[in-house]
Amino acid sequence: MSTRRRNEYKLHYFNMKGRGELARLIMAYAKVPYDDIRYENADWLQHKDRMPNGQLPVLEWKGQLLPQSLAIARFLAHRHNLAGTDEWQWAKIDAMTDTINDTFGEARPIFMAGEDEGKKKEAVDSFLKNAIEPLFKRLDKMLEDNGSDYLIGNQCSLADLALFSCYDFAAGLCGDRLPKCQHVAALHARVGQIPAIKNWVEKRPATPF
Ligand SMILES: N[C@@H](CCC(=O)N[C@@H](CS)C(=O)NCC(=O)O)C(=O)O
């Protein structure tokens, strides 16, 4: 009989950062072991009907399946001390996380372009111009004005991990074309230096974007 303890959580997603990496980052930050289940595109249709919305990510906890990346992130943030110090701060963290997460929808045409390099370039240009540049510029100004090391309040929260995840996702798609926003880049570096996050980034499976 195996004495190995089962992990409390299972995260179901594809082998990409996308909408799943935020949950992985939270669990890395909280040092919670979990099953990081990654589906290959070719196998996905076999599993699709088993998922509540027919999409991923899905968090499995106590035999139940929770869809929606932000519902998953909020649940984990509340359980692992990333939800701020009071209800108002949480509302601001939540709003910021939503705002950052909106960029994933804007990246969809890049994936829809398939092998068409011309279309792909157009979609990357549009993603940068319409989603990433306005977001990063707004956040850069906000960080400069609030003088804090973090987006909301004075400690790392879900919003900072969302920014870290979005930054890496955008870098994976746009490379060195990311806008140069010094406060945003400094926050990304600061989060990347948190030992548990650094450890995850160094050890995680190769994950393109
Ligand atoms: N609003 C959902 C969107 C989920 C979503 O679009 N998932 C995509 C991957 S990022 C997916 O499962 N695509 C495969 C499919 O729809 O069959 C969330 O935030 O989790």
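We count residues from 1, following the sequence as given. Atoms within each ligand, like the ligands themselves, are counted from 1 in listed order.
For the side chain to side chain contact (heavy atoms under 4.5 Å, CB included) with Leu25, the qualifying choice from Ile194, Ile197, Asp160 is Ile197, the only one to do so. Exactly one residue among Leu66, Leu59, Ile72 makes a side chain to side chain contact (heavy atoms under 4.5 Å, CB included) with Tyr9. That residue is Leu59.
Distances shorter than 4.0 angstrom do not occur between any heavy atom of Phe104 and any atom of ligand 1. In this structure, Pro57 has a heavy atom closer than 4.0 Å to ligand 1.
For Gln68, heavy-atom contacts with ligand 1 shorter than 4.0 Å involve the backbone as well as the side chain.
A salt bridge between Glu117 and Lys121 is absent, with no side-chain N of the basic residue lying under 4.0 Å from a carboxylate O of the acidic one. Between Arg79 and Glu8, at least one side-chain nitrogen of the basic residue sits less than 4.0 Å from a carboxylate oxygen of the acidic one, meeting the salt-bridge criterion.
Among all protein heavy atoms, the one lying closest to atom 19 (O) of ligand 1 is Ser69 OG, 2.6 Å. Looking from atom 14 (C) of ligand 1 to the surrounding protein, the closest heavy atom is Trp44 NE1, 3.5 Å. At the shortest separation from atom 3 (C) of ligand 1 among protein heavy atoms lies Gln55 OE1, 3.6 Å. The protein heavy-atom contact nearest to atom 13 (N) of ligand 1 is Phe14 CE1, 4.1 Å.
Less than 4.0 angstrom separates some heavy atom of Tyr13 from each of these atoms of ligand 1: 10 (S). The contact set between ligand 1 and Lys48, taken as ligand atoms under 4.0 Å from a residue heavy atom, comprises 15 (C), 16 (O), 17 (O).
Ring geometry for Tyr167 versus His188: interplanar angle under 30°, hence parallel rather than tilted (30 to 60°). By the 30° and 60° cut-offs, the orientation of the rings of Tyr39 relative to Phe14 is perpendicular.
With ring centers used as reference points, Tyr29 lies 6.0 Å or more from Trp200.
Looking at Leu56, Asn101, Val58, it is Leu56 that brings a heavy atom closest to atom 7 (N) of ligand 1.
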